[in-house]
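Below is one structure, written out as structure tokens; the observations come after it.
Only heavy atoms go into these numbers, but all of them, side chains included; no hydrogens, no water, no symmetry mates.
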2 protein chains.
Amino acid sequence: MGISERKEREREEMKTMITTAAMKMFLEDGYAKTSIRNIADAIEYSPGTIYLYYKDKDELLFEVQAQAYLKLLAAFKQNVTSTDLLERLEQLGKTYVSFGLANPELYDLMFIIRAPTNVDKEVHGDNGHDTLTYTISLIEECIQAGLLIFKDVNQAALQIWSMAHGLVSLNLRCRLKVMIPEEASVPEILHKAIEEYLLSIRA
Amino acid sequence: MGISERKEREREEMKTMITTAAMKMFLEDGYAKTSIRNIADAIEYSPGTIYLYYKDKDELLFEVQAQAYLKLLAAFKQNVTSTDLLERLEQLGKTYVSFGLANPELYDLMFIIRAPTNVDKEVHGDNGHDTLTYTISLIEECIQAGLLIFKDVNQAALQIWSMAHGLVSLNLRCRLKVMIPEEASVPEILHKAIEEYLLSIRA
DNA sequence: AAATGTACTGAACACTGTTCAGTAATTCCA
DNA sequence: TGGAATTACTGAACAGTGTTCAGTACATTT
């Protein structure tokens, strides 16, 4: 009775087919501008079919978010190579900023768009948990080694993430054009900001 | 020939009637959930009429943004009262955070939503210019008095604003629940973060 | 009083997310 | 193997969106 197994497999294939198309289109045109009908067209199915696999556009977003967090984690693991803890933290920060600038639409749907509300956190995992853990662990190591001015890990993570997110998101929303000279390279300036900030929180 | 003057006056009244209704509804339900038809209903006109006064929903957003920036500036002027420069900076930061937490939908439309793209910056003024100038002036004073570690005003403003915006926006988007204990008071924690940050950038 | 100009309407267009009766194919069971 | 049951999929329909525009009614000018 391998039929139900095959069906289950086919169902999963269909789901990944949908999310793959969605991911591609979200990346290119953004979440808001990608419609269910567009996705359906892309995979050559009718719009109704998508709702047999995902109950909402929100659930689709949630799925793509999960992939995006993995992508970010992969970028962390690839770029955070130093053995020096503070250097690692700097590599992490710069990777975060670069990721945001290189994948604006992805960053948007991960951190700027309103989080999906209709999704059971019971059914689906907590999105981005591993990526967050990776980051917090590094910060904790730095604190325990007495390298940072912070005492509390949560306060430290809160501040460091806020700074990084602030830099990226204000830039993506063109809210800090005024503060950045016309001719300047944005990535360079943001990386410099990260460097300076990390210097200022050294113990 | 006072007729054209009266007409011009009536036109302005109509425009403020529209933006006032829009502001109210944006504040209550947010920009996205407020439709042109809803606004038209509220002021008892047909949807088409609104387009005789504003060419877009974007232009309406732009107008409301301008008011919102003035509201923030007013909050600054009310709360930034100290004579000590660094204290003033702290009051500014805390006012910013409080403003964001108290007016989430307004903060959203000011800094998180995609900026209106179809609006001539030639015709309409540069939104929030005064508010930004107010902020940058204070930072510049601090730097010139040698109170901060920064040399460049733009870099300083970039970082300070990014931190504040990061704190507020991550919180509004429920992205930092993980880092904030369940029972904790969010405003308190964010204010503490501002305090700590300002300490870390003191010369 | 007639002609011109202005302000406003509301139906229509093209889109959106979502639902659901109906159809076609597949699997199950006798 | 043939008929019943299950499953997968469709596409029209619903209620909503921003936006446009022919048509109307009123105000102003001549």
Side-chain angles (χ1 to χ4, degrees), chain A residues 1-19 21-22 25-26 28-65 105 109 113-119, chain B residues 1-19 21-22 25-26 28-65 105 109 113-119:
Chain A
M1 189 68 61
I3 288 180
S4 65
E5 279 86 348
R6 195 206 65 213
K7 289 240 164 146
E8 182 54 34
R9 204 171 55 237
E10 282 176 347
R11 196 180 158 76
E12 287 309 312
E13 277 168 20
M14 190 67 169
K15 288 192 84 168
T16 62
M17 187 181 186
I18 294 171
T19 43
M25 300 174 78
F26 287 173
E28 282 168 10
D29 310 320
Y31 176 73
K33 285 188 180 172
T34 303
S35 72
I36 299 288
R37 279 174 184 80
N38 294 155
I39 299 172
D41 277 1
I43 61 171
E44 296 176 295
Y45 279 83
S46 95
T49 302
I50 291 182
Y51 287 87
L52 300 173
Y53 297 88
Y54 295 97
K55 82 171 209 291
D56 278 319
K57 205 186 170 188
D58 255 22
E59 199 170 279
L60 215 43
L61 173 59
F62 193 81
E63 200 72 28
V64 172
Q65 270 186 352
E105 292 294 352
L109 107 212
I113 280 183
R114 267 174 226 274
T117 49
N118 297 326
V119 184
Chain B
M1 189 68 64
I3 289 180
S4 66
E5 279 86 347
R6 195 205 66 215
K7 290 240 165 147
E8 181 53 34
R9 204 171 55 237
E10 282 175 350
R11 195 180 159 78
E12 286 311 312
E13 277 168 19
M14 189 69 169
K15 288 191 85 170
T16 61
M17 187 179 186
I18 294 171
T19 41
M25 300 174 78
F26 288 172
E28 282 168 11
D29 312 319
Y31 176 73
K33 285 188 179 170
T34 303
S35 72
I36 298 289
R37 280 174 184 78
N38 294 156
I39 299 173
D41 277 1
I43 60 171
E44 297 177 293
Y45 279 83
S46 94
T49 302
I50 291 181
Y51 287 87
L52 300 173
Y53 296 88
Y54 294 97
K55 79 171 211 289
D56 266 328
K57 205 187 170 189
D58 255 22
E59 201 172 276
L60 217 42
L61 172 60
F62 193 81
E63 201 70 29
V64 172
Q65 270 186 353
E105 292 294 353
L109 110 210
I113 280 182
R114 267 176 224 274
T117 49
N118 295 326
V119 185

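Residue B/D56 is the one, among B/D56 and B/R6, whose nearest nucleotide of DNA chain D lies closer to the 5' end (criterion: closest heavy atom). Residue order along DNA chain C, read from the 5' end via each residue's closest nucleotide, puts A/K33 first among A/G48 and A/K33. Residue order along DNA chain C, read from the 5' end via each residue's closest nucleotide, puts A/A32 first among A/T49 and A/A32.
Residue B/S46 places at least one side-chain N or O under 4.0 Å from the OP1 or OP2 atom of C/dT9.
In terms of modelled atom types and a separation under 3.5 Å, the side chain of B/Y54 and the main chain of B/L61 share no donor-acceptor contact.
Straight-line distance from the CD1 atom of A/I18 to the P atom of D/dC9: 9 Å, rounded to whole Å. B/M17 has its CE atom 10 Å from the P atom of C/dC8, to the nearest Å. For the pair A/R37 CZ and C/dG17 C1', the interatomic distance rounds to 7 Å; values are reported in whole Å. Rounded to whole Å, atom P of D/dG18 lies 8 Å from atom OH of B/Y31. When the C1' atom of D/dC9 is taken as reference, atom CD1 of A/I50 falls 12 Å away, rounded to whole Å. Atom P of nucleotide C/dG17 and atom CG of A/N38 are separated by 8 Å, given to the nearest angstrom. Rounded to whole angstrom, the span from the CG atom of A/L52 across to the C1' atom of D/dT6 amounts to 14 Å. Separating the OH atom of B/Y54 from the P atom of C/dC8 is a distance of 13 Å, rounded to the nearest angstrom.
Ranking C/dT9, D/dT28, C/dT18 by closeness to the B/K7 side chain, first place goes to D/dT28. The nucleotide whose nearest atom lies closest to any side-chain atom of A/Y51 is, among D/dC9, C/dG17, D/dG18, C/dG17. With distances taken from any side-chain atom of A/Y53 to the nucleotides C/dT9, D/dA13, D/dA8, the minimum falls on D/dA8. Relative to the side chain of A/S35, the nucleotides C/dT16, D/dC9, C/dC8 differ in distance, and C/dT16 lies closest.
Atom CD of B/E28 sits in a crowded spot, with more than 12 heavy atoms from other residues, nucleotides or ligands closer than 6.0 Å. Enclosure of atom NZ in B/K33 is not indicated, since only 12 or fewer non-hydrogen atoms of other residues, nucleotides or ligands lie within 6.0 angstrom.
Taking a cutoff of 4.0 Å between a charged side-chain nitrogen and a carboxylate oxygen, B/E105 and A/R114 qualify as a salt bridge. Looking at B/R9 and B/E5, no side-chain N of the basic residue comes within less than 4.0 Å of a carboxylate O on the acidic one, giving no salt bridge.
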